[in-house]
2 protein chains.
Amino acid sequence: MSSTPGMPAPVSGALGYTIKLAQHALRLQVDDAIRPLGITAPQFAVLVAVDLDPGISNAALARAAFVTPQSMQGIVANLERDGLLRRNADPLHGRILRSELTRSGRSVLGKAHAAVAEIEARMTNSLKRVEIEQLSLLLQRCIDNLLRP
Amino acid sequence: MSSTPGMPAPVSGALGYTIKLAQHALRLQVDDAIRPLGITAPQFAVLVAVDLDPGISNAALARAAFVTPQSMQGIVANLERDGLLRRNADPLHGRILRSELTRSGRSVLGKAHAAVAEIEARMTNSLKRVEIEQLSLLLQRCIDNLLRP
DNA sequence: CTTGACATATCAGGCCCCTGATATAATATA
DNA sequence: TATATTATATCAGGGGCCTGATATGTCAAG
């Protein structure tokens, strides 16, 4: 390094940078926790969504995860390849492929749920209930501000 | 879709999900703002870091951005290919390649800085100064909780 | 001086995400 | 009915991130 070894913040004091750091730290923890199960964070999110809405289409999954159908297709293809998910043609709609969890998928999902819940709990274990509520509301206002104008 | 059309949240009420949404919304806005300049959000972050610390090594850049040296190498290679950044061998250390901005890199960085600052300002334009401080502190406590035990 | 620990750069392969483009099924409209 | 629009799936290519492995340069301990 050259001048400031222990100073990683490019724009210190910026809220956007702190949000990025929080998301990054959370993502690292989740990745480590579910890697032994053989799935990634995006795959976990998809397993959750399919479990909540069995028979969901790839396009609907993409909307739920705020990604493009192309991105979702890659995740679903990998889950199908690994036997955690199954796709069958919709009898009513000739184009939709209905995704369902396999027995193996449900098993992995259960274990992942527990691991992720533990991480979320640890993240807030020094925050009072009111503070969690405050944080959630302030973040939501930021999101609204970004999506509005 | 099957049961709940307009309900995208897989684990509604979870703080981790809200953090992810905020980061995602911010990233989308930044991407849109700097795409016309021909750079991506990670590339912008690297330009900032190189501008703050001219002659920085690839490994130091990776540490600053919390990514692996391999990941950083790809970004730096693309920036070099696009003529926004230049790398020269360190005269004192036979292995380090010192990164510097080109004239073109400085020009793009200036425009990107303005665009990103505008987005950050919009994100918090309905929040009082005290609320921004609260949000930042609460997020930092979550980060600490995640990285500690 | 030799050896070993560490830092740096880089290659290979995989996952996730994007934009752009294409093909087909379902539906609305003229 | 015929056409246009919309929805869905998918191919192609690129950027950014990861783990694992490799090669070389620096430095300290023996």
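Just so it is clear: chains get the letters A, B, ... in the order the sequence lines come, proteins before strands, and each one is counted from 1. What you see below is based on every heavy atom in this structure, not just the backbone, and it leaves out hydrogens, waters and symmetry mates.
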### Query
Which residue, Leu92(B) or Pro69(B), contacts DNA chain D at a nucleotide closer to its 5' end, judged by nearest heavy atom?
Pro69(B)
### Query
So which one's nearest nucleotide on DNA chain D is more toward 5', Asn58(A) or His24(A)?
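Going by which nucleotide is closer to the 5' end, it is Asn58(A).
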Rounded to the nearest angstrom, tell me the gap between atom [atom1] in [X] and atom [atom2] in [N].
{"X": "Ile96(A)", "N": "dA7(D)", "atom1": "CD1", "atom2": "P", "result": "12 Å"}
{"X": "Asp90(B)", "N": "dT24(D)", "atom1": "CG", "atom2": "C1'", "result": "15 Å"}
{"X": "Leu28(A)", "N": "dC16(C)", "atom1": "CG", "atom2": "P", "result": "16 Å"}
{"X": "Ile34(A)", "N": "dT19(D)", "atom1": "CD1", "atom2": "P", "result": "14 Å"}
{"X": "Gln70(B)", "N": "dG15(D)", "atom1": "CD", "atom2": "C1'", "result": "16 Å"}
{"X": "Arg27(B)", "N": "dC18(C)", "atom1": "CZ", "atom2": "P", "result": "9 Å"}
{"X": "Arg98(B)", "N": "dT8(C)", "atom1": "CZ", "atom2": "P", "result": "13 Å"}
{"X": "His93(A)", "N": "dT27(C)", "atom1": "NE2", "atom2": "P", "result": "6 Å"}

### Task
Choose from dT8(D), dC17(D), dC18(C) the nucleotide whose nearest atom is closest to any side-chain atom of Ala59(A).
dT8(D)
### Query
In terms of the angle between their ring planes, are Phe44(B) and His113(B) parallel, tilted or perpendicular, with boundaries placed at 30° and 60°?
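If you compare the ring of Phe44(B) with that of His113(B), the planes turn out perpendicular.
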Would you indicate what [X] reaches in the nucleic acid, counting non-hydrogen atoms under 4.0 angstrom: base, sugar-phosphate, or nothing?
{"X": "Gln43(A)", "value": "sugar-phosphate"}
{"X": "Leu61(B)", "value": "nothing"}
{"X": "Ile39(B)", "value": "nothing"}

### Task
Using modelled atom types only, decide if a donor and an acceptor are shared between the side chain of Thr124(A) and the backbone of Glu120(A) within a distance under 3.5 Å.
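Yes.
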### Query
Does the Asp51(B) side chain pair with the main chain of Arg106(B), one donor and one acceptor, at a distance under 3.5 Å?
no
### Message
Between Asp144(B) and Arg141(B) (salt bridge meaning N to carboxylate O under 4.0 Å), is one present in this structure?
### Response
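Here Asp144(B) does not pair with Arg141(B) in a salt bridge, since their nearest N and O are not under 4.0 Å apart.
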### Query
Going by heavy atoms in the side chains, are Leu146(A) and Ile119(B) under 4.5 Å from each other?
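Yes - at least one pair of side-chain heavy atoms lies under 4.5 Å apart.
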### Query
Considering only heavy atoms from C-beta outward, does the side chain of Leu127(A) approach that of Asn145(B) to under 4.5 Å?
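Yes - at least one pair of side-chain heavy atoms lies under 4.5 Å apart.
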### Task
Could you tell me whether Arg103(A) atom CZ has more than 12 heavy atoms of other residues or ligands within 6.0 Å of it?
no
### Query
Where each residue is assigned the nucleotide of DNA chain C containing its nearest heavy atom, which of Leu97(B) and Thr40(A) is assigned the position nearer the 5′ end?
Leu97(B)
### Query
Would you say a side-chain N or O of Arg63(B) is under 4.0 Å from OP1 or OP2 of dT8(C)?
yes
### Task
Check whether any side-chain nitrogen or oxygen of Thr68(A) sits under 4.0 Å from OP1 or OP2 of dC18(C), and answer yes or no.
yes
### Message
Does anything in residues 71-88 of chain A come within less than 4.0 Å of DNA chain C? Heavy atoms only, and list the residues if so.
### Response
Ser71(A), Ile75(A), Asn78(A), Arg81(A)
